Amino acid sequence: MTKKKATPFTPHDAGHVADPDDALEAARRECPVSQVSDVLFVVAADTDVRAMFKDSAVLSNRGNFTIGREDRDHAFSGITNLDPPVHTELRSRLLRSMAPKKLRSLAPHVARVIAKALDGLPTSGEVELHKDYIAHIPSAVTYSMIGLPEKHWSEVEVLADALVEAVPAPETSMPEYDRLMEIMGQVVRGRRDHPEQRRDDVLDNLCFAAPGEREMADLEVVMHLRQLFAAATDTTRALIANCIYRLLEHGDWARIAADRSLLKNAIEESLRFDSPAQFMTRSVVQDTVIGECPVSAGHKAYLSIQSANHDEASWGSTARQFDITRQVAVQHVAFGRGIHSCLGAPLARMEAYMAIDILMDHYPRMAAGRRATWEKCDGLLLRRPKEVWARLTGETPAATATDAEQASE
Ligand code: HEM
């Protein structure tokens with residue numbers, strides 16, 4: 001294949017970003033590696049995206065999430081923008097407090113957070129579930145995993161949400177950014193000044209070096225925590241919102257409420273069908289060939305996770321259909337692959353399972369609300385509906401933390 005001028009899908013087109021699937025299908029069919037600007041190539045085929053996730057020698061994570069030449073203007077890069085060996089060191093350090101077993105041990109806390117969110121729902125009537133139920137769950141879970149003192153949770157949530165809503169404005173120019181940095185700086189200094197209050201959490205792990213590890217500056221710890229907020233919160237909200245939306249849209253809610261053995265795979269199919277993180281970008285550091293297309297160093301590649309997860313060559317002729325019984329759904333690339341693959345995947349899966357399972361216990365006959373419509377949230381990176389309207393039909397919303405804990409087992 002030779003390099004073509006055609007740009008069936010480009011992240012520079014707001015229409016494509018809002019509703020990407022037809023354009024991505026055209027890209028896979030006509031031009032799976034297409035140059036869409038002087039710097040950017042869009043990569044649409046599943047096999048190419050998977051191969052690129054694994055090729056960290058030729059592809060750098062610098063400038064990840066941006067689609068122009070710019071890198072992020074930060075004093076310290078977060079983990080998803082780092083390359084080995086600095087990345088390797090940070091990842092294994094984070095793994096001490098984010099190993100799958102550790103993350104799954106947060107189940108009782110997740111259960112309490114869900115029970116509290118459920119308390120706010122009425123017994124019946126139309127509700128917008130993203131605002132009234134979903135949004136608080138991943139933020140409270142993330143803050144607890146990190147070790148952020150609870151007195152800061154509500155302010156930090158408001159600040160972090162304001163930064164996300166402003167995308168693609170540069171967050172560093174916003175007053176919310178300054179305030180968030182100030183709070184996080186105080187939290188880091190507070191923990192370091194009081195080693196007697198040490199706890200087994202991410203904050204501790206980053207504030208205090210283990211033997212052989214490097215001490216980090218306060219600002220560096222703050223930047224890593226900041227990236228964890230972003231990585232863990234909105235993506236998981238999107239997963240829960242997407243999954244509930246599609247189950248209601250396809251009439252699968254009552255079926256799964258009656259047979260919970262279907263729920264785990266339904267979550268994987270949701271991750272495949274509506275990939276919460278739509279793409280990652282990589283900087284090409286050596287001349288290479290992507291697919292059959294030569295790409296020279298200095299360019300960037302937009303790895304379309306959404307397209308890979310809808311590729312007919314891998315998923316067959318039903319690739320663009322939502323099917324909760326799809327056998328191989330779990331093979332999606334929604335959590336990436338290779339050395340940067342998602343560290344929080346076990347936690348995201350557990351939160352989604354518990355949040356939906358408990359909602360089904362209490363509202364087994366929940367249906368799509370009259371105002372339900374798919375309109376993608378703003379921003380390039382995330383895919384979720386702006387709103388998830390549902391109709392609750394009379395069951396009692398009296399969840400207890402014990403119900404929720406049992407759901408995770
Ligand atoms: C449905 C929810 C989530 C999705 C779809 C998601 C997606 C991803 C993807 C695609 C990557 C790969 C980045 C790359 O290749 O450049 C990634 C990395 C990462 N994710 Fe997640 N994520 C989710 C939830 C979480 C949660 C809950 C946490 C934290 C508890 C988390 C922490 C991370 C971290 C630390 C990395 C960086 C790993 C590295 O660079 O080595 N994520 N995530």
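Note that the structure is predicted; figures quoted are calculated from it, not measured.
At distances below 3.5 Å, at least one donor-acceptor pair connects side-chain atoms of Asn265 with backbone N or O atoms of Arg326. In this structure, Arg91 contributes its side chain and Ile79 its backbone to no donor-acceptor pair below 3.5 Å. Using modelled atom types, no side-chain atom of Arg282 and backbone atom of Ala301 make a donor-acceptor pair closer than 3.5 Å. Although no hydrogens or angles enter the test, the distance criterion places a donor-acceptor pair under 3.5 Å between the side chain of His299 and the main chain of Ser296. Under a 3.5 Å cut-off, the side chain of Lys300 and the backbone N or O of Gly68 do form a donor-acceptor pair. Formation of a donor-acceptor pair under 3.5 Å by the Gln278 side chain with backbone atoms of Leu382 is not found in this model. Panel note: side chain Arg69, backbone Gly63; no donor-acceptor pair is recorded below 3.5 Å. Here the side chain of Ser92 pairs a donor or acceptor atom with the backbone of Glu89 at under 3.5 angstrom. Side-chain atoms of Gln306 come within 3.5 Å of backbone atoms of Ser275 as a donor-acceptor pair (strictly under, hydrogens ignored). Formation of a donor-acceptor pair under 3.5 Å by the Asp287 side chain with backbone atoms of Ala297 is found in this model.
By the neighbour-count criterion of 12 heavy atoms within 6.0 Å, atom CZ of Arg29 is densely surrounded, having more than that number from other residues, nucleotides or ligands. Counting non-hydrogen atoms of neighbouring residues, nucleotides and ligands closer than 6.0 angstrom, the NZ atom of Lys102 exceeds 12 such neighbours. Other residues, nucleotides and ligands place more than 12 heavy atoms under 6.0 Å from the CZ atom of Arg214.
Between the CD1 atom in Ile356 and the CD1 atom in Ile114 there is a gap of 9.5 Å [rounded to 0.5 Å]. Residue Leu228 holds its CG atom at 12.0 Å from CE of Met223, rounded to the nearest 0.5 Å. With rounding to the nearest 0.5 Å, the separation of CZ in Arg384 from CD1 in Ile134 is 8.5 Å. The OG1 atom of Thr142 lies 7.0 Å from the CG atom of Leu347; values are rounded to the nearest 0.5 Å. Note that the CD atom of Glu269 and the CG atom of Leu271 stand 9.5 Å from one another [nearest 0.5 Å]. The line from OG1 of Thr288 to CG of Leu59 is 6.5 Å long, rounded to the nearest 0.5 Å.
Among all heavy-atom pairs drawn from Ala241 and His130, the shortest one is CB-CD2, 4.1 Å. The two residues Thr393 and Met366 make their nearest non-hydrogen contact at OG1-N, 4.3 Å. The heavy-atom pair separating Phe41 from Cys293 by the smallest distance is CE2-SG, 4.1 Å. Here the closest heavy-atom approach between residue Asp311 and residue Asp46 is recorded as OD2-N, 2.8 Å. Annotation for Val113 and His136: closest pair CG1-O, 4.2 Å, computed over non-hydrogen atoms. Of all the heavy atoms in Arg28 and Ser307, the pair that sits closest is NH1-OG, 3.1 Å.
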- [ ] List the steps, then state whether salt bridge (Lys or Arg N to Asp or Glu O under 4.0 Å) holds for Lys376 with Asp274.
- [x] CA-CA 10 Å; Lys376 196 185 101 43; Asp274 294 303; over 6 Å; no

Open item on the list: Could you go through Ser154 and Val158, starting from their C-alpha distance and side-chain angles, then the distance that decides it, and tell me whether this counts as side chain to side chain contact (heavy atoms under 4.5 Å, CB included)?
Closed with: CA-CA 6 Å; Ser154 48; Val158 171; 5.7 Å; no

Task: Derivation and outcome, side chain to side chain contact (heavy atoms under 4.5 Å, CB included), residues Val156 and Leu180 - done: CA-CA 7 Å; Val156 165; Leu180 190 62; 3.8 Å; yes

Open item on the list: Show, in sequence, the C-alpha distance, side-chain angles and deciding distance for Met360 and Trp253, and conclude whether the side chain to side chain contact (heavy atoms under 4.5 Å, CB included) test is met.
Closed with: CA-CA 8 Å; Met360 283 179 167; Trp253 187 265; 3.4 Å; yes

- [ ] Tell me, with the steps shown, if Asp357 and Lys264 meet salt bridge (Lys or Arg N to Asp or Glu O under 4.0 Å).
- [x] CA-CA 10 Å; Asp357 188 55; Lys264 205 168 156 203; over 6 Å; no

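Val330 has its side chain within reach of Arg349: a pair of non-hydrogen atoms, C-beta onward, lies under 4.5 Å apart. In this structure the side chain of Ile358 reaches within 4.5 angstrom of the side chain of Asp361, judged on heavy atoms. For the pair Val127 and Tyr133, the minimum side-chain heavy-atom distance is 4.5 Å or more. Contact annotation: the side chain of His152 never approaches that of Met184 to less than 4.5 Å [non-hydrogen atoms, C-beta and beyond]. Contact check for Ser97 versus Asp204: no side-chain heavy atoms found under the 4.5 Å cut-off.
In summary, the side chains of Arg50 and Ser314 do not present any donor paired with an acceptor at a separation below 3.5 Å, with no hydrogens or angles considered. Side-chain contact annotation: Thr236 with Glu351, donor-acceptor N/O pair under 3.5 Å absent. Counting only N and O atoms by type, the side chains of Asn242 and Ser270 include no donor and acceptor under 3.5 Å apart.
Ring pair Phe9/Tyr302: centre-to-centre distance below 6.0 Å.
Ionic pairing of Asp200 and Arg96 is not present here: no N-O contact between side-chain nitrogen and carboxylate oxygen is shorter than 4.0 angstrom. The existence of a salt bridge linking Asp234 and Arg237 is confirmed by a sub-4.0 Å separation between a basic side-chain nitrogen and an acidic carboxylate oxygen. For the pair Asp252 and Arg246, the salt-bridge criterion is not met [side-chain N within less than 4.0 Å of a carboxylate O]. A salt bridge is absent between Glu387 and Arg371; no separation between the charged side-chain nitrogens and carboxylate oxygens falls under 4.0 Å.
For the side chain to side chain contact (heavy atoms under 4.5 Å, CB included) with Leu148, the qualifying choice from Val187, Leu203, Asp201 is Val187, the only one to do so. Put simply, the residue from Phe273, Trp374, Trp389 that forms a ring-ring contact (aromatic ring centres under 6.0 Å, His included) with Tyr245 is Trp374.
Below 30°, between 30° and 60°, or above 60°: for Phe322 and His250 the angle between ring planes is between 30° and 60°, a tilted geometry.
Applying the side-chain hydrogen bond (donor to acceptor under 3.5 Å, both in side chains) definition to pairs two or more places apart or across chains, those involving residues 328-337 are Glu268-His332.
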